[in-house]
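Naming: A, B, ... by sequence-line order, numbering from 1 per chain. It should be emphasised that the depicted structure is a prediction, and the values quoted were computed from it without experimental measurement. Values reported hereafter were calculated over all heavy atoms of this structure, with side chains retained and with hydrogens, waters and symmetry mates removed.
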2 protein chains.
Amino acid sequence: MPVERVRRRIPEATVARLPVYLRILVEQAGEEVECISSEGLAELAGVNAAKVRKDLSYLGSYGTRGVGYEVAFLVYQIRRELGLTHDWPVVIVGAGNLGQALAGYNGFGERGFPVAGIVDIEPGKVGSVIGGVRVRHIDDLQQIVQSRRVSIGVVATPPSAAQDAADRLVRAGVTSILNFAPVVLAVPRGISVRKVDLAVELQILSYYEQRRVGVGLQAVGSNDSTRGASA
Amino acid sequence: MPVERVRRRIPEATVARLPVYLRILVEQAGEEVECISSEGLAELAGVNAAKVRKDLSYLGSYGTRGVGYEVAFLVYQIRRELGLTHDWPVVIVGAGNLGQALAGYNGFGERGFPVAGIVDIEPGKVGSVIGGVRVRHIDDLQQIVQSRRVSIGVVATPPSAAQDAADRLVRAGVTSILNFAPVVLAVPRGISVRKVDLAVELQILSYYEQRRVGVGLQAVGSNDSTRGASA
DNA sequence: ATGCAGTTGTGCACGTGTTCACAAAGCGGG
DNA sequence: CCCGCTTTGTGAACACGTGCACAACTGCAT
């Protein structure tokens, strides 16, 4: 398959929405829907139709005026743009509560992110099997990353160990990190980091919740997912 | 304590950063740091100093020129603004892998979001105790929400059950929802929803990872956390 | 008192993201 | 073949978020 020209850079906000469109389109395909309009997709994704069209237009002109978008084709295009034409094995650092839940969560593998390994620094945790993967010692990290060609690491350690985990991941050759620890990770330039901080999410809800009292119900913004990957 | 005037509305992007500043400031306070400059806080938070100053200026003029910000005072002000002067009990729907991990995660309670209850629709899951909380049947949801004055619900169900879970939460009286299911929830106006979608995060990383090959290393944006709460 | 070094608070310009509104284009019926 | 209906793709206006640059102000030393 010929590698096409490097497409125009896609805005971050759009990149964050494409996975949502993708999930919906795959669902629709499963329900035998062959064609969908920007309006229909927008409804299902909870966004504005114009936004859907603009987002999709970054991929190219793949719609048919007067008709809509062919679902299967769009699925293929979005997959290709997001780099989901092949699997991305991930390695999880930290086999505590969260690490175990992540390893046991089938959604990862199903969506193209199989768990290539899970490691912990605690010898006591090593050896148990979670979701079909055996917990190994963190010293094996490099070996796992290199033999399985892992480029994405997941930090699921306590906050105090998170920076060390990130350092080890980077040293092992990982170039993208998904960080669940409530810590700002320092990483070399060129390494992408995204963070998921449950407490932060709750605190944001708390803000709007608190505003609610005394001010009455009011609109509080839309439901985007715009967060950069750091370099 | 006199309730102060309804402060000027704080931009969403700022609201998303305040929890990060707060965490860092609390840490600093623990290390006996009494005063911090916007520059110092910015460094620790991984953002621009001007942004820190602008963010903090929405709370009021609480800094001292030539000196910086008094850590303890700032902690208090941010807490107040975010509505963290009291606890917000949360109820978790879904006692699967993720629900259990969340219930067992002490970080919630520590940060002012004690788990008031965890429920599941599966009778087989009811009764077991996770993180000191007994799993109850989803039919008890309303009772839990009302007796414990819960206003925040967490959806940790499989995708197919998520909308039903959200509906039940809303019916029970919850007004904010944190959704871990990969589904776009439909909720009545006035209900805030934030979503955390692990697969989406990985797919975003995949995009930048994929771009990396052939284009060489390049900056790929910054590490914000701007996501609206829907109304 | 005065000056100086340091830091805040903010006006302004810029960039990014969103939405509207409409021309361009496909489709089907008569 | 043409007409009217539908839906895309996008220019342009607007809203929002970011970062610079600097005046205003504080505290301290002299």
Between dG26(C), dG9(D), dT18(C), which nucleotide gets closest to the side-chain atoms of T64(A)?
dG26(C)
Give the rounded distance in Å between these two atoms: NZ of K51(A) and C1' of dA21(C).
17 Å
Nucleotide dT10(C), atom P - distance to CG of L56(B) in whole Å:
12 Å
Using atom NZ of K54(B) as one end and atom P of dA21(D) as the other, report the distance to the nearest whole Å.
14 Å
Among dG9(C), dG9(D), dT8(C), the one nearest any side-chain atom of Y69(A) is dG9(D)
When rounded to whole Å, the CD to P distance for the pair E39(B) and dC20(D) reads 11 Å
OP1, OP2 of dG17(D) versus side-chain N and O of Y58(B): anything below 4.0 Å?
no
D55(A) or I36(B), whichever maps to the more 5' nucleotide of DNA chain C:
I36(B)
To the side chain of A50(A), which of dC20(C), dG9(C), dG17(D) is closest?
dC20(C)
From CD of Q77(A) over to P of dG9(D), roughly how many Å is that when rounded to an integer?
12 Å
Fit a plane to each ring of W88(A) and H86(A), take the angle between them on a 0 to 90° scale, and name the class: parallel (under 30°), tilted (30 to 60°) or perpendicular (over 60°).
tilted
Value in whole Å for how far the P atom of dT10(D) lies from CG of L59(A):
12 Å
Phosphate oxygens OP1/OP2 of dT7(C): is one of them under 4.0 Å from a side-chain N or O of S37(B)?
no
Side chains of R211(B) and Y207(B) only: does a donor on one sit below 3.5 Å from an acceptor on the other?
yes
In whole Å, what is the span from the OH atom of Y62(B) to the P atom of dT10(C)?
12 Å
So, Q163(A) side chain and A186(A) main chain: donor-acceptor pair closer than 3.5 Å or not?
yes
Between dA23(D), dG19(D), dG17(C), which nucleotide has the shortest distance from any of its atoms to the side chain of R65(B)?
dA23(D)
Under a 4.5 Å cut-off applied to non-hydrogen side-chain atoms, are E34(A) and V71(A) in contact?
no
Go through the side-chain N and O atoms of S192(B) and R212(A) and say whether any donor and acceptor fall under 3.5 Å apart.
yes
Rounded distance (Å) that lies between atom P of dC20(C) and atom CZ of R53(A):
10 Å
Would you say dG17(D) has OP1 or OP2 under 4.0 Å from some side-chain N or O of N48(B)?
no
